[in-house]
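All chains are named by letter (A, B, ...) in the order of the sequence lines, taking the proteins before the strands, and each is independently numbered beginning at 1.
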Amino acid sequence: MVSDWVIETEDLAVGYDDKLVLDGITVRIPRKKITCIIGGSGCGKSTLLRAFVGLAEPRRGSVRILDEDLLSLSEEARAELFERVGLMFQEGGLLNSLTVADNLMVPVKAHTRLPDDVVEDLVRLKLGLVNLEDAADKLPGELSGGMKKRAGLARALMLDPEVLFCDEPSAGLDPTTQADLDRLLCQMRDQLGLTLVVVTHEVESIKTIADYVILLEDGKVGFDGSLDDALESDNETLVGFFGRKPDEQKDRPSLEELMFFDGAPIGAAA
Amino acid sequence: MVAHLQALSARDPLAVCGAYRGSTTTSASEPALSLTASPDGATVTLSGVLDRRTIPDVHTQLMDALARRARGNLGIDLQGIEKIDSAGVAMLGTLVRRAGELRARLSLVAVSDAARDAMALFPMDVDTEIAPVRPGLLEFLGGVTHDHWVGMKGLMVLSADTFIGCFAGAPRTRRVRRGATWTEAVRVGVDALPIVGLISFLIGVVVALLSAAQLRQFGASRLVADLISVSMTREMGPLITAIIVAGRSGAAIAAEVATMQVSQEVDALATMGLSPVRYIVVPKFMALTMMLPCLTIMSSLLGIVGGFVVSWLYLDLAAPVFWSSAVDAVVFQDVMMGFGKSVVFAWAIVLLAAHRGFQARGGAESVGRVTTTSVVSSIFWVIVIDAVFSLLFFFDG
C-alpha cells in the first residue's frame, strides 16, 4: 500500500563536526502537495533537505522516503531510488565541464537506454519548460545565477520525478521569473501530481505555492501545519516572517546589566 | 537601574576612590582618553573620548588592572566619558568577558549619559560563561590522533571504492562519460611528455657531469654509463616522473575535485544516482595507472641519453662503449622495480589528491588549501614509498 506520506522522519539528528545542526526532527511530507520549509539563515533548512536525500548522514533517527528506509538501502538501491527523486540545488549544481544540454542528459543516460535523438528532444522539451531553449550549448559558467537555477530545475525534472526538492528556487530571481517559476511549480503539482519540498525565504512565493509549512528554529521543528494555520499562528517567528507586527523583541541582557551582574557595584557599597 | 546609575553618577568619583594616579593622556589635537586607578586598584576611571583611536592607549593598562583583581572586584567609572563609539562598547564587552574568565566581578561605578546612550545603541551579547579550559597535552594528542585516524579511514574507504569502481558500477557511468579514461590519459600522460622529458634529460646531464668529474680521477670514466643507467631506471626516473606528475596532475585533480565538491557538483552526481567516486576518480585512477609507467620509461631513457651526451662530449666516450656498458649494467629486476614503483606512485598521487579534494568545504579558499596540502602530501608519500621500496629491495640488488 502506498502511504499518504512521501517522506517521514523520526527523531532525526544531523550534525557537522561536533555541532548538531538538526536535533529531534520528526516530520511528515504529504503526497502531491507543496511543503515549504522555512526558517532563519543557518537554522538547518538546507541540511534537512540534504538529510531527506541522504547527502547528510544522520547521527540518529530514521528517514523514510517513497516508502523506503533510506539509511538501510544499498548504493545500487539508492541510485534506483534517485530515479524517482529530483533535487534542484541552490546554485544549480550543474557540472561545470559540460554544456547545459549535456548536463540535462546525465540523469537520462545514467538511468535509461533512450536513443540519442529522443534524449535530445527530451532535453529541448525540458529546457522549453524553464525558458532556456537558447542556452542549450552554453557552459554553466556562461549563465547568470537565475539561468543556472532554471537549468538545475530542468535537470531535476528530466526523469519526471515523483518528488522534487528545491533549495531556494526563487532566491535572486527577478519578480517576473519568480512568478513564472511559482506558476510552473504549482502546475507540476496540479497536473503531474508531483510532490514538492521547497526551502525558501520568499514570503510572496510561500503564500502563492505552499500547502503546508514547516518552520525550523534552532535545529528543531517550530511549526508544522497548513499554510492557513501558519498565517494565523501566534508563533513569534511566523508572525515576524509573514510581516505581521512582531511582538516586542525579546530582551537580551544589556552590557550595563552584565557589568552590574552578580552583586552590588563597589561604588554603592563605599 | 537608571535611577541607581543616576544616584551613583551624582557622587564625586574622587570621594569614592580616593587619590588617583597613573594618568595616560594623548596630545591635545588628538581625541584624549585618560585612565586613572585608585591606589588600592579597586576602581578605574576612564574619562575623555573612548573610541577606536584612543582604545589602544589604555587597553593594556585596563586589562592589567583587571588581571590584578582576579577573583575580586573591579569598579569602572565612566562618568567622565564624553564620547564613546561602537569600538568602545566592544572593549567594555571584552572587559566583561575577560572578567568572567578571571572570575572577577566587574561593576560600573558611574556612567555618563553619552556612555549609557552608546551602550543602549549597541546591544552586545557578551558570553560571560567561563571559556572552556584549553585541552591538555594528552587530550591534544588524542584529538590529533583521532583526526588522523578519521582521515586515514576516509582514504582507505576511497581507495576501496576506487578499486571496486574500476570493475563495478561501470555501465551506468560509462553511458554518461564515454571515453573519459582516454581523455584523462591524454591530459595526465601525453600532455606531460615535454616537461617530464626535458627535466629527465637535464637531470641525466647533471648526474653524469658530477659523477664524471669524480670517476675521471680514478680513470674509471667508463663507469659513468653504468651509474647513469642503473640510477635512472631504478631510482631517478620513477621518482622524478612521480614528483612532476604529483605537482602537475595531482594538483589539477585535487583542485578539480575540490571545486566540484564546493559547487555542489558532487552532491548533484550523488542525487542523480551516479557514484561520485566512479564518475570522477576512477577514470583519473585508470588513466594515471596506465600513463605513469609509460612516462617513467621515457624519463629513464631520456635521462640516460642526457648522460650519454655528457660522456660523449666531456669524457670522449665512444657511443658503442657507452651503450654496451649501459645495457650490461641494467638488469631486468631494475626495470621491473622502476615499473612497479611507478604504478604504486600513480595510485598514491590520484588517491591522495582525490581524498583531499573531497575534504574541501566552503569556498574558493578551501580549494586552494586542499590543493596545496594534496601536492605536499603526495610528494611526501611518493618519497616515503620510494624509500620503502629501496630498503626492501636493496639487499637483493
Enquirer: Is the CG atom of A/Asp69 crowded by more than 12 outside heavy atoms at less than 6.0 Å?
Expert: yes

Enquirer: Taking side chain as C-beta onward, heavy atoms only, is A/Phe89 less than 4.5 Å from B/Thr271?
Expert: yes

Enquirer: Does any backbone or side-chain atom of A/Val53 lie under 4.5 Å from a heavy atom of chain B? Answer side chain, backbone, both or neither.
Expert: side chain

Enquirer: Should the heavy atoms of other residues, nucleotides or ligands under 6.0 Å from CZ of B/Phe163 be counted, would the total exceed 12?
Expert: yes

Enquirer: Based on non-hydrogen pairs under 4.5 Å, which of A/Met88, A/Arg78, A/Arg50 is most in contact with chain B?
Expert: A/Arg50

Enquirer: Closer than 3.5 angstrom, by distance alone: can the side chain of A/Glu91 be matched with the main-chain N or O of B/Ser263 as a donor-acceptor pair?
Expert: no

Enquirer: Given a strict heavy-atom distance threshold of 4.5 Å, which part of A/Leu94 is in contact with chain B: side chain, backbone, both, or neither?
Expert: backbone

Enquirer: Kindly give the heavy-atom pair with the smallest separation between B/Ala268 and A/Gly93, and that separation in Å.
Expert: CB-O, 3.2 Å

Enquirer: Would you say the side chain of A/Met158 lies within less than 4.5 Å of the side chain of B/Met272, judging by non-hydrogen atoms?
Expert: no

Enquirer: Over all heavy atoms of both residues, which pair between B/Gln264 and A/Gln90 is shortest? Give the atoms and the distance, please.
Expert: OE1-N, 3.7 Å

Enquirer: Give me the atom names and distance for the closest heavy-atom approach of A/Leu95 to B/Met260.
Expert: CD2-CE, 3.9 Å

Enquirer: Over all heavy atoms of both residues, which pair between B/Ser275 and A/Glu75 is shortest? Give the atoms and the distance, please.
Expert: CB-OE2, 3.4 Å

Enquirer: Nearest 0.5 Å, please: how far is CD in B/Glu265 from CG in A/Leu98?
Expert: 8.0 Å

Enquirer: So, for A/Ala79 and B/Gly273, which heavy atoms are closest and what is the spacing to 0.1 Å?
Expert: CB-O, 3.4 Å

